[in-house]
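I have placed the structure first, in the form of structure tokens, so that the comments after it can refer back to it.
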Amino acid sequence: MRKKNILRFLFLAVLFYPIFTLFKAVGNLDGTELQEALDSVLHYQISIWVSWLVLVSASIYFKWTKKKNFFFFFTYAFLVIAFAFLGYLSQVLMTGYNLPNKFRDGYSFGVLHALQHIITSVVLTGFLQAAVWWFTRRWHRR
């Protein structure tokens, strides 16, 4: 198998893993027990972070070898979309099971939960992108 085909397969598997756990989490929010719903949302969150690890590894590889930022930009878009769905799932979990929270409206918890993870992951990815940029330059070794 060629390296390009292996990377394509890995890329598709990384994308299908969070999609699969997202559908499973949405399905478990409808009338199941609270613990099962919490576990499914947690598994979705874990799938995002595992996918982030693989995507950022591919991004570092392509930035290092090809000097292209496409995969980093794709990783940023993936993180924003995936964690937006996590915020939605968290809000549905709060309102659907009447869990206690400090927010009176029906969207603040989900928005803040999503923003927390989006900011964290984007900052970590940005640091990695800056580090790869830094170490691909020769002038830092002087």
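Scope of the values below: all heavy atoms of this structure, side chains included, with no hydrogens, waters or symmetry mates.
Residue pairs meeting the ring pair (Phe, Tyr, Trp, His ring centres under 6.0 Å) criterion with at least one member in residues 22-45, sequence neighbours excluded, do not occur. Identified under the side-chain hydrogen bond (donor to acceptor under 3.5 Å, both in side chains) test for residues 18-28, with sequence neighbours left out: T21-S47.
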Under 3.5 Å donor-acceptor pairs involving side-chain atoms of residues 76-87, not counting sequence neighbours:
| unit_1 | atom_1 | unit_2 | atom_2 | d |
| --- | --- | --- | --- | --- |
| Y76 | OH | G126 | N | 3.4 |
| Y76 | OH | Q129 | OE1 | 2.7 |

Identify all side-chain donor-acceptor contacts of residues 110-120 below 3.5 Å with residues at least two apart in sequence or on another chain.
| unit_1 | atom_1 | unit_2 | atom_2 | d |
| --- | --- | --- | --- | --- |
| H113 | NE2 | S90 | OG | 3.4 |
| H117 | NE2 | Q45 | NE2 | 3.3 |
| T120 | OG1 | Q116 | O | 2.8 |

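Linking Ile, Leu, Val, Met, Phe, Trp and Tyr whenever their side-chain heavy atoms come within less than 4.5 Å puts L34 and Y88 in one cluster. Transitive grouping of hydrophobic side chains (ILVMFWY, heavy atoms separated by less than 4.5 Å) brings V122 and W49 into a common cluster. Hydrophobic clustering places V26 together with L99 (ILVMFWY residues linked when any side-chain heavy atoms are closer than 4.5 Å, directly or through intermediates). Hydrophobic cluster membership differs between L15 and F20, with clusters built from Ile, Leu, Val, Met, Phe, Trp and Tyr side chains linked at under 4.5 angstrom. Under a hydrophobic clustering in which Ile, Leu, Val, Met, Phe, Trp and Tyr are joined whenever their side-chain heavy atoms come within less than 4.5 Å, directly or via other members, W133 and F73 fall into the same cluster.
Judged as a side chain to side chain contact (heavy atoms under 4.5 Å, CB included), and not counting sequence neighbours, the contacts of D105 are F103, Y107, S108. For L128, the side chain to side chain contact (heavy atoms under 4.5 Å, CB included) partners are W52, V56, I60, not counting sequence neighbours. Under the ring pair (Phe, Tyr, Trp, His ring centres under 6.0 Å) criterion, F71 pairs with F62, sequence neighbours left out. Every ring pair (Phe, Tyr, Trp, His ring centres under 6.0 Å) that F74 has, sequence neighbours left out, goes to F11. Here A37 pairs with L29, T32, L93, Y97 under the side chain to side chain contact (heavy atoms under 4.5 Å, CB included) rule; sequence neighbours left out. Applying the side chain to side chain contact (heavy atoms under 4.5 Å, CB included) rule to E33 yields no partners; only residues at least two apart in sequence or on another chain are considered.
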Could you walk me through whether L89 and L22 satisfy the side-chain contact (heavy atoms from CB on, under 4.5 Å) test, starting with their C-alpha distance in whole Å, then the side-chain angles of each, then the deciding distance to 0.1 Å, before giving a yes or no?
CA-CA 9 Å; L89 289 175; L22 174 66; 3.7 Å; yes
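Taking CZ of F109 as the start and CE of M94 as the end, the distance is 3.5 Å to the nearest 0.5 Å. Note: I48 CD1 to L53 CG = 12.5 Å, rounded to the nearest 0.5 Å.
In summary, the side chains of T75 and T125 do not present any donor paired with an acceptor at a separation below 3.5 Å, with no hydrogens or angles considered.
Hydrophobic cluster membership of Y17, counting Ile, Leu, Val, Met, Phe, Trp and Tyr whose side-chain heavy atoms lie under 4.5 Å apart directly or via other members: L42, I46, V50.
In this structure, T136 contributes its side chain and W64 its backbone to no donor-acceptor pair below 3.5 Å.
Crowding of K66 atom NZ: a count of heavy atoms from other residues, nucleotides or ligands under 6.0 Å not exceeding 12.
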